[in-house]
Asks: 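Structure provided below as structure tokens; questions to follow.
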Amino acid sequence: MQPMLVLGIESSCDETGIALYSTAAGGALLAHALRSQVCMHADYGGVVPELASRDHVRRMVPLLRQVLADSGCTLAELDAVAYTQGPGLAGALLVGAAFAEALATALGLPTVPVHHFEGHLLSPLLSRRPPSFPFVALLVSGGHSQLMHVTGVGLYELMGETLDDAAGEAFDKTAKLLGLGYPGGAALAALADSGRPGRVKLPRPMLKSGDLDFSFSGLKTAV
């Protein structure tokens, strides 16, 4: 198969990401750039969708130019444009999709809409020591916590998932209750490193459920 140069665009939430990937010689990430919006949303204690969407609009072109400059490649060398199709914030996703489709149309290239979760599931394949199929993947984010059995590209089986809150949401909401600011999950995790084990007794739900599902709402309530 002829090697391909693929531009990737991510705009599902509060970070704008652009990357350039080559399939030549087993595949290589040639360059990438990321713009975080954490400081912008800190005053609100969480992501404001409208502000996130507007910032994506401002960052797309500068980040694209940066990635092309870092990789030494040009738009004329691209073979395809991939972008996060969803799930995510509707407005933020729309910015990425519109930018990708417009760029691809202007260059006469195909587009590759990518499912957000599938991107996470297959991202370990970009590592220096990628896992071989089959493997088990743990997806942990602000909105989702899932265990997936991955037997190949496009071949996924759900083994277990959260029945209520996601782990990331439990972290963030707990941090907010404790007045740790935003993003609170990272601050809470850092504090835990210096904590005293056993000082606070918290429930460990579903240890004897007999399945691989999760539950974090009771933990949040206990806090």
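All values derive from a computational prediction rather than experimental measurement.
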Asks: Can you tell me how far CG of Asp55 sits from CD of Gln37, rounded to the nearest 0.5 angstrom?
Replies: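 Spacing of CD (Gln37) from CG (Asp55) equals 4.0 Å.
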
Asks: Would you indicate whether Arg65, at its atom CZ, is surrounded by more than 12 heavy atoms from other residues, nucleotides or ligands within a distance under 6.0 Å?
Replies: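 Counting other residues, nucleotides and ligands, CZ of Arg65 stays at 12 neighbours or fewer.
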
Asks: What distance separates Gln85 CD from Glu118 CD, expressed to the nearest 0.5 Å?
Replies: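 Rounded to the nearest 0.5 Å, the CD-CD separation comes out at 10.5 Å.
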
Asks: Would you say the side-chain atoms of Ser53 and Glu50 include a donor-acceptor pair closer than 3.5 Å?
Replies: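 No, no side-chain donor-acceptor contact under 3.5 Å.
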
Asks: Could you check whether the rings of Phe135 and Phe133 sit parallel, tilted or perpendicular, using 30° and 60° as the cut-offs?
Replies: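 The arrangement is parallel - the two ring planes meet at less than 30°.
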
Asks: On a heavy-atom basis, which atom in Tyr182 and which in Val38 lie closest, and how many Å separate them?
Replies: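 Scanning both residues completely, I find the closest heavy atoms to be CE2-O, 3.9 Å.
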
Asks: Can you hop from Ile18 to Leu29 via hydrophobic side chains spaced under 4.5 Å?
Replies: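 Shared cluster, no.
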
Asks: Kindly compute the distance separating NZ (Lys173) from CZ (Phe216), expressed to the nearest 0.5 Å.
Replies: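 Reported value, rounded in 0.5 Å steps: 14.0 Å.
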
Asks: Do side-chain atoms of Asp213 reach the backbone of Thr162 as a donor and acceptor pair under 3.5 angstrom?
Replies: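 No, the answer is negative, given that no donor and acceptor are paired below the 3.5 Å cut-off.
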
Asks: Looking only at side chains, do His116 and Thr84 share a donor and an acceptor under 3.5 Å apart?
Replies: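 No donor-acceptor contact under 3.5 Å links the two side chains.
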
Asks: For the residue pair Asp164 and Ser215, confirm or rule out a side-chain donor-acceptor distance under 3.5 Å.
Replies: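 Result is yes, a qualifying pair exists.
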
Asks: Can any side-chain N or O of Gln2 pair as donor or acceptor with the backbone N or O of Met4 at less than 3.5 Å?
Replies: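 No: the side chain of Gln2 does not pair with the backbone of Met4.
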
Asks: For Thr23 and Pro3, indicate whether the former's side chain and the latter's backbone hold a donor-acceptor pair under 3.5 Å.
Replies: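 No; judged by distance alone, with no hydrogens or angles, the pair does not exist.
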
Asks: When you look at NE2 of His32, are more than 12 heavy atoms from neighbouring residues, nucleotides or ligands closer to it than 6.0 Å?
Replies: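 Not buried by this count: 12 neighbours or fewer within 6.0 Å.
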
Asks: Looking at Ala31, is its backbone amide N or carbonyl O close enough to the side chain of Ser71 to form a donor-acceptor pair, meaning the two atoms are under 3.5 Å apart?
Replies: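 Such a contact is absent between Ser71 side chain and Ala31 backbone.
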
Asks: Could you tell me whether Lys176 atom NZ has more than 12 heavy atoms of other residues or ligands within 6.0 Å of it?
Replies: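 No, the 6.0 Å shell around NZ holds no more than 12 heavy atoms from other groups.
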
Asks: Consider only side-chain heavy atoms of I, L, V, M, F, W and Y, link residues closer than 4.5 Å, and tell whether Val114 and Leu121 are in one cluster.
Replies: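 No; Leu121 is not reachable from Val114 via cluster members.
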
